[in-house]
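Each remark here refers to the structure printed beneath this line.
Residue indices begin at 1 and follow the sequence shown. As a basis for the values below, the full set of heavy atoms in this structure was taken, side chains included, without hydrogen atoms, waters or symmetry mates.
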Amino acid sequence: MNKILLCASLAVAALASSCGAGSGKADILFINGNIYTVDADFSKASFIAVAKDRILYAGSDAETLRRLKGVRTHVVDLGGKTVIPGIVESHLHYMELGESLSEIDIYEKPKADILAAVAAEAGRLQPGEWIVSSGWSQEVWPENRWPSRGDLDAVAPDNPVCLFRKDGHSAWVNSRALDVAGITASTPDPQGGEILRTPSGEPGGILVDTAIDGVSAKFPAPSDEKKRAFYRRANDELLRFGITSLMDAGIGCDNLALLEDAYARDLLQVRAYEVLSDGEDVKYIAAGRKPVLDLYGGKLSVNAVKFYTDGSLGSRSAWFIDEYNDRQGHSGNPRYTDEAFYSLVRRARDEGFQAVTHAIGDAAVRQTLDVYERVLAESPPADHRYRIEHFQNVYPPDFDRLIRDGVIASMQAVHVTSDMAFAEARIGPSRVLNAYAWRTVIDRGGIIPNGSDAPVEHVNPYHGFYAAVTRRNLQGEPEGGWYPALCMTREEALKSFTIWGAYAMFGEKVKGSLEAGKYADFAVLDRDIMTCDAGELKDTKALMTVLGGKIVSGGFDR
């Protein structure tokens with residue numbers, strides 16, 4: 001480990017003055033590695049030659065190695081360590097990840113611990129200041145039921161409190177927050193949302209999906225300085241795990257301006273594929289902008305628009321054709337009528353954007369495919385790469401429609417580790433066979449860009465790799481896996497975190513595999529994820545992260 005870091009430091013110091021690319025020699029040679037290139041043949045290599053920010057060669061030919069080594073070429077001996085292409089994180093929330101690392105920690109904590117943390121935070125704040133955090137789940141509590149506003153009132157009566165469930169689709173609020181938002185017994189449920197109520201009709205303290213908007217609109221806006229700090233913290237966290245590219249699942253134009261400034265000044269390194277939130281595309285186009293790929297040396301793209309057709313399974317707001325097994329008469333919360341959704345996707349298509357749609361329940365998936373088919377039939381693009389995010393629960397005939405229409409199922413394998421605790425109770429044993437059905441998609445010829453949905457789940461990609469291969473939670477349960485016939489192979493899992501993700505963001509020609517001409521983005525790991533015991537996959541660590549030929553993270557020790 002120390003030898004790797006010493007060589008790495010020397011290589012970084014030499015980059016500024018290196019002239020290897022101009023002489024036909026490598027600036028840096030990373031040698032003696034166990035390298036999975038993830039090229040078309042899934043071939044292996046022993047060294048990577050880098051000039052400036054690109055790969056000159058990845059292979060094992062000794063004569064080529066000799067030819068590419070010049071007098072000013074620096075050599076990093078990988079000591080036999082495993083190397084994979086830089087992880088392509090295909091669905092997360094960039095700023096929110098950084099923000100979550102700055103909040104009080106309530107992630108899957110016991111209810112008593114959460115209330116204690118809120119009480120301590122209230123003690124530090126002035127009356128009237130907001131307490132906001134995310135990550136709780138009633139599913140991990142012994143009582144397994146929704147909390148109430150009274151719980152929070154008891155520990156923070158003078159501060160408005162809003163705690164988002166880990167899926168982000170429901171929020172636990174206190175009475176002060178409801179008062180600030182003006183939510184009362186007479187407030188109607190909004191389209192696509194729900195106010196959970198007591199038997200007397202009063203708000204009980206849980207707001208679902210669009211019902212949260214009235215509260216979140218009252219949050220004090222973080223300063224631009226704070227937002228920049230959130231992005232920097234997220235950037236550093238991603239690099240520590242070997243993540244070199246991301247898809248940011250929803251951004252507004254104000255935050256996009258901050259990102260553009262940060263990338264222009266080289267303050268962030270991770271390659272970001274930005275997806276505008278629904279409605280922000282109108283502002284973007286009105287400002288004279290067009291969809292664009294690979295600004296600032298391949299660091300920033302703005303090329304898609306994000307829509308929501310439903311909520312989440314955990315919050316019972318995912319939209320199903322049939323009712324929930326554990327809530328009679330309720331089938332979820334659709335966001336749009338068919339015509340309203342069609343008009344949004346059609347607008348994005350006319351403006352040249354890729355459509356990216358959150359759809360978790362089978363009715364939401366069906367509506368998304370219906371609208372995509374209509375828009376694409378009216379205006380067939382040569383290469384649309386429309387996406388459905390999550391694609392968790394599917395009416396069986398819609399698997400074939402997905403493939404026929406050329407739509408990409410962007411799925412987050414790590415969600416299984418949380419949702420297996422309640423999915424069958426929510427939708428029953430027959431529908432659950434078509435849930436999180438990675439094998440079904442792949443066997444029909446589809447690809448699956450993988451990710452974490454961070455901060456909904458931990459951003460660690462090796463948790464997702466482990467989940468994809470085993471369908472077990474981090475405690476190794478259930479033994480043998482949850483519906484293991486739907487697992488991915490390790491080769492498929494690695495593709496899902498690399499080349500498939502790159503393709504889904506129109507980037508497969510420049511990243512996602514270790515081949516000549518592509519960006520020199522890769523991660524050095526502490527174990528061989530293609531051969532180690534499956535139970536070890538979740539414990540994988542990135543020892544070094546290289547992005548554009550520069551070593552941007554090393555010595556990962558957690």
[X] side chain to [Y] backbone, donor-acceptor under 3.5 Å:
X	Y	value
Arg149	Gly205	no
Asn303	Leu293	no
Tyr436	Gln412	no
Asp281	Ala348	no
Arg327	Arg316	no
His169	Ser317	no
Thr309	His358	yes
Asn159	Glu129	yes

**OP:** Answer yes or no on whether Arg471 is positioned over the face of Trp438, meaning its NZ or CZ is under 6.0 Å from the six-membered ring centre and within 45° of the axis.
**Re:**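 That pair qualifies as a cation-pi contact.
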Subject >> Over-ring placement of Arg165 relative to Phe422, 6.0 Å and 45° cut-offs >> reply: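 Pair Arg165/Phe422 counts as cation-pi.
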**OP:** Give a yes or no on whether a salt bridge exists between Asp350 and Arg346, defined as a side-chain N under 4.0 angstrom from a carboxylate O.
**Re:**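 Yes, Asp350 and Arg346 are salt-bridged.
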Subject >> Salt bridge flag under 4.0 Å for residues Asp189 and Arg197 >> reply: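 Salt bridge flag = yes for Arg197 with Asp189.
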**OP:** Could you list all the ring pair (Phe, Tyr, Trp, His ring centres under 6.0 Å) pairs where at least one residue sits in residues 177-230, not counting sequence neighbours?
**Re:**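 Applying ring pair (Phe, Tyr, Trp, His ring centres under 6.0 Å) to every pair that reaches into residues 177-230, excluding sequence neighbours, yields Trp130-Phe219.
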Original post:
Where do Tyr336 and Asp278 land on the side chain to side chain donor-acceptor pair (under 3.5 Å) test, with the steps shown first?
Top reply: CA-CA 12 Å; Tyr336 310 115; Asp278 172 26; 3.3 Å; yes
**OP:** Just grab all the side chain to side chain donor-acceptor pair (under 3.5 Å) pairs involving residues 110-127, residues at least two apart or on different chains.
**Re:**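 Checked against side chain to side chain donor-acceptor pair (under 3.5 Å) - neighbours excluded - the pairs reaching residues 110-127 are Lys111-Asp151, Glu121-Arg124.
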Would you please say whether a donor-acceptor pair under 3.5 Å links the side chains of [X] and [Y]?
X	Y	result
Asn450	His91	no
Thr244	Lys511	no
Tyr519	Asp294	no

What side-chain donor-acceptor pairs closer than 3.5 Å can you find for residues 94-102, not counting sequence neighbours?
| residue | atom | partner | partner atom | Å |
| --- | --- | --- | --- | --- |
| Tyr94 | OH | Tyr263 | OH | 3.1 |
| Ser100 | OG | Leu97 | O | 2.7 |
| Ser102 | OG | Gly98 | O | 3.3 |

**OP:** In sequence, state the C-alpha distance, the side-chain angles, and the governing distance for His463 and Phe241, and then conclude on ring-ring contact (aromatic ring centres under 6.0 Å, His included).
**Re:** CA-CA 11 Å; His463 290 178; Phe241 289 104; 8.0 Å; no
Subject >> Partner of Tyr386 by ring-ring contact (aromatic ring centres under 6.0 Å, His included), out of Phe307, Tyr372, Phe391 >> reply: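 For Tyr386, the ring-ring contact (aromatic ring centres under 6.0 Å, His included) check succeeds only for Tyr372.
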Subject >> Test item: Leu152 and Leu115 side chains (from C-beta on) under 4.5 Å apart, heavy atoms >> reply: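 Heavy-atom side-chain distance check passes, below 4.5 Å.
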Subject >> Any side-chain heavy-atom pair of Glu89 and Ser452 under 4.5 Å >> reply: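 Glu89 vs Ser452: side chains touch.
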